[in-house]
2 protein chains.
Amino acid sequence: MDLTIAEENYLKAIYHLSEGGKKSVSTNDIAGEIQTKPASVSDMLRRLSEKQVIEYRKYYGLQITESGKQLALQTIRKHRLWEVFLVDKLQFAWDEVHEVAEQLEHIQSPLLIQRLDAFLNYPKFDPHGDPIPDEYGDVRSRPRIPLNEMNIDQVGQIVAVKDSSAAFLRYLDKVGAYIGARIKVLDKVEFDGSVEILVDQKKTLFMSKDVASNILVVQS
Amino acid sequence: MDLTIAEENYLKAIYHLSEGGKKSVSTNDIAGEIQTKPASVSDMLRRLSEKQVIEYRKYYGLQITESGKQLALQTIRKHRLWEVFLVDKLQFAWDEVHEVAEQLEHIQSPLLIQRLDAFLNYPKFDPHGDPIPDEYGDVRSRPRIPLNEMNIDQVGQIVAVKDSSAAFLRYLDKVGAYIGARIKVLDKVEFDGSVEILVDQKKTLFMSKDVASNILVVQS
DNA sequence: AAATTAAATTAGATATATCTAAAAAAAATG
DNA sequence: CATTTTTTTTAGATATATCTAATTTAATTT
C-alpha cells in the first residue's frame, strides 16, 4: 500500500493529533494542522479510509488503524533522522530544519534510511528532543513533564518544546535555553505560576508559566 | 518562476537531449527519455513554453531558453551532489544511486545544497565522472572522448559512461572497469572496432566497439 | 422539543499530469 | 506530386488534490 505525499502528510497529522491526548480527532483539527480547508479533509478521509489506514464513519469520527500508525511512524522516523542529519552534519540551527525535513521525509528508499541511520550513529532523539521511532515503529520515550510542573530544587534536562513555532524557538535560543540544557528549579511563584531556573549551573533564568508550560523536561 | 517536479524532469530531459549533440529534440525523443507518451509531452511542452523555459512552435520544434538552461543545470547540480553524498557518505554503490538521486534532486532549499556542497568538500565530478555544475550553472568539463577513439599505446582515465543503465553499469563492475580506472590501449581491431585495454596496469580487458563507444575517457 | 448554531460533507470547479483514440501536419516514398 | 507513413497535436477521459458554495448532520440553546 503506497501513499501519495499528500496522504502521508494527512496521516502524519492524524497520528500527531491522535497521540496528542485528545479523545477524538475532528475534521477541523486536521484542517488546522495541515493548513487546508475542512472540505479537502473530508475528501482525503474518504481516500485514506479506502486505503485502510484509518477507520472512518461520516459525521462520527475516525480512528487510525495499526497499519496507518506504522506508516505514520515511519514517516516521523524519516523526518527526525533527516533533522539530525541537517543539524549534526550540515550545521543547520535546530529551528531551521523543519521545512526541509518536511520535504526529505517523503523520499522513498528503505536502504537510504537504513544507511542514514547508521551514518548518524543510530540517534534516539531528534534536535528538538523528540524520540526517533526505530524501523519497527517502536518508540522508547522517557517520561516528560512541563517545566512548570517541576518542584523547587529538582534538577532535569530540557528535552523538547510543545509549541515549536520558529518564534518560540528563537526566543528560547535568545534567552539561552536549548534542548539538552541541564536545569535546576530555583523558585516557583505561587500566584502566577512563573518559575526561576538555573541553566547549566551558570545562568539564572526567569520565565512565565506560559513559557515554562511549553518546555518539556525529564527529571534526573 | 517555480517548476513542478514533473516540469523539472521534462526540462532536465530536454536539456540532456539538447546537449547530446543532436541538432533538434523531438517529441518522441522526450517521450522515450521520460518514459511517457508523446501526447503527454505535447501537453507539457505547451506548459513549459508558457513558463518561458523553452521556446516552442507546434510541429516545428523547441529550443531551451537561457533561464530554462539555468534551471536544468541547478537540478543536475543537485542530482549529482546527492549522488556524491550517497556514495561517499552512505556507502552506496555507484550503480545504485540514480533512483534515489532522482527523488532528492527535487528538494527545494538553496541553503541545503550550499551546505551539502561544503560538507562533501565541493566535489567537481559525480561518482559516474560527470561534472557538477556550480551554483552559477558553470560546468568545467575536461575534454572527453569515447574509448574506441583512442589510439594504440595511449593512456587515460575512465571518467564517465554514455549509457548509464543499471545493466551496463553492472557489466562494467563485473569486468573490473570503473570510473577513475587508469587504462592503456593495447590493441585495436580494425575490421570490427573492438579494443583491448590494460586496466590499472594489471588486468587485460577485451571489449566490443559497442561497449567501448559507451565509455568516455580523458587522455593523459 | 423546536430553533439555532456549528461541524462535516457533498456538489461543482479548477489545476496538474497522465492516458487512449482521433485528427492534423510533416516527412518519406513511389 | 500524389500517396503513404510517421510524427505531432488535440479531444476527451481519468486520477489526485485542492477550493468555494451549498447542503446535510450533529450539537447546543432556549
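Basis for what follows: all heavy atoms, side chains included, without hydrogens, waters or symmetry-related copies. Every value quoted in this text rests on a predicted model; they were computed, and no experiment measured them. Below, chains carry the letters A, B, ... as their sequence lines are ordered, and counting in each starts from 1.
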Taking for each residue the nucleotide of DNA chain D with the nearest heavy atom, is it B:Y56 or A:S40 whose nucleotide lies nearer the 5' end? B:Y56
Which atoms form the tightest heavy-atom contact between B:S18 and B:V25, and what is the distance? OG-CG2, 3.7 Å
Go through the steps to decide whether A:W94 and A:D126 satisfy the test side chain to side chain donor-acceptor pair (under 3.5 Å), and finish with yes or no. CA-CA 9 Å; A:W94 59 294; A:D126 78 10; over 6 Å; no
Please confirm whether the shortest side-chain N or O distance from B:T36 to OP1 or OP2 of C:dA17 is below 4.0 Å. no
Among the nucleotides C:dT10, D:dT8, C:dT18, whichever has the atom closest to the side chain of B:T27 is D:dT8
Value in whole Å for how far the C1' atom of D:dA17 lies from NZ of A:K37: 14 Å
Contacts of A:K58 and A:P38 projected onto DNA chain D by closest heavy atom; the upstream (5') one is A:P38
Length of the CG-C1' vector between A:D43 and C:dT10, whole Å: 9 Å
Using a cut-off of 6.0 Å, state whether more than 12 heavy atoms not belonging to B:E102 lie near its atom CD. yes
Would you kindly say whether B:E33 and B:H16 are connected by a side-chain donor-acceptor distance under 3.5 Å? no
Any side-chain N or O of A:N28 less than 4.0 Å from the OP1 or OP2 oxygen of C:dA8? yes
For C:dT9, take OP1 and OP2 only and decide whether either is under 4.0 Å from a side-chain N or O of A:Y60. no
List for me each residue that meets side-chain contact (heavy atoms from CB on, under 4.5 Å) alongside B:S194, sequence neighbours excluded, and say none if there are none. B:V189, B:D192, B:F206
Would B:K89 count as a cation-pi partner of B:F119, with NZ or CZ less than 6.0 Å from the six-membered ring centre and within 45° of the ring normal? yes
Distance in angstrom units between B:L48 CG and C:dT18 P, rounded: 11 Å
Given D:dT8, C:dA7, D:dC19, the nucleotide with the shortest approach to the side chain of B:S26: D:dT8
Of the candidates C:dC19, C:dA8, C:dT16, the side chain of B:R47 sits closest to C:dT16
B:K51 NZ to C:dT16 C1': how many Å, rounded? 9 Å
Closer than 4.0 angstrom, basic N to acidic O: yes or no for B:E105 and B:K12? yes
Rounded to whole angstroms, how far apart are CG on A:D29 and C1' on C:dA8? 13 Å
Tell me which nucleotide among D:dT9, C:dT9, C:dA17 gets nearest to the side chain of B:Y59. D:dT9
Measure the angle between the two terminal helix axes of the helix from C:dA1-D:dT30 to C:dG30-D:dC1, five base pairs each, and quote it to 10°. 10°
Below 4.0 Å: OP1/OP2 of C:dA17 and any side-chain N or O of B:T4: yes
Given that B:A39 and B:M44 both sit by DNA chain C, which one's nearest nucleotide is further toward the 5' end? B:M44
Tell me the interatomic distance from A:L3, atom CG, to D:dA15, atom P, rounded to whole angstroms. 18 Å
Nearest to the side chain of A:E7, which nucleotide is it out of D:dA17, C:dT20, D:dT18? D:dA17
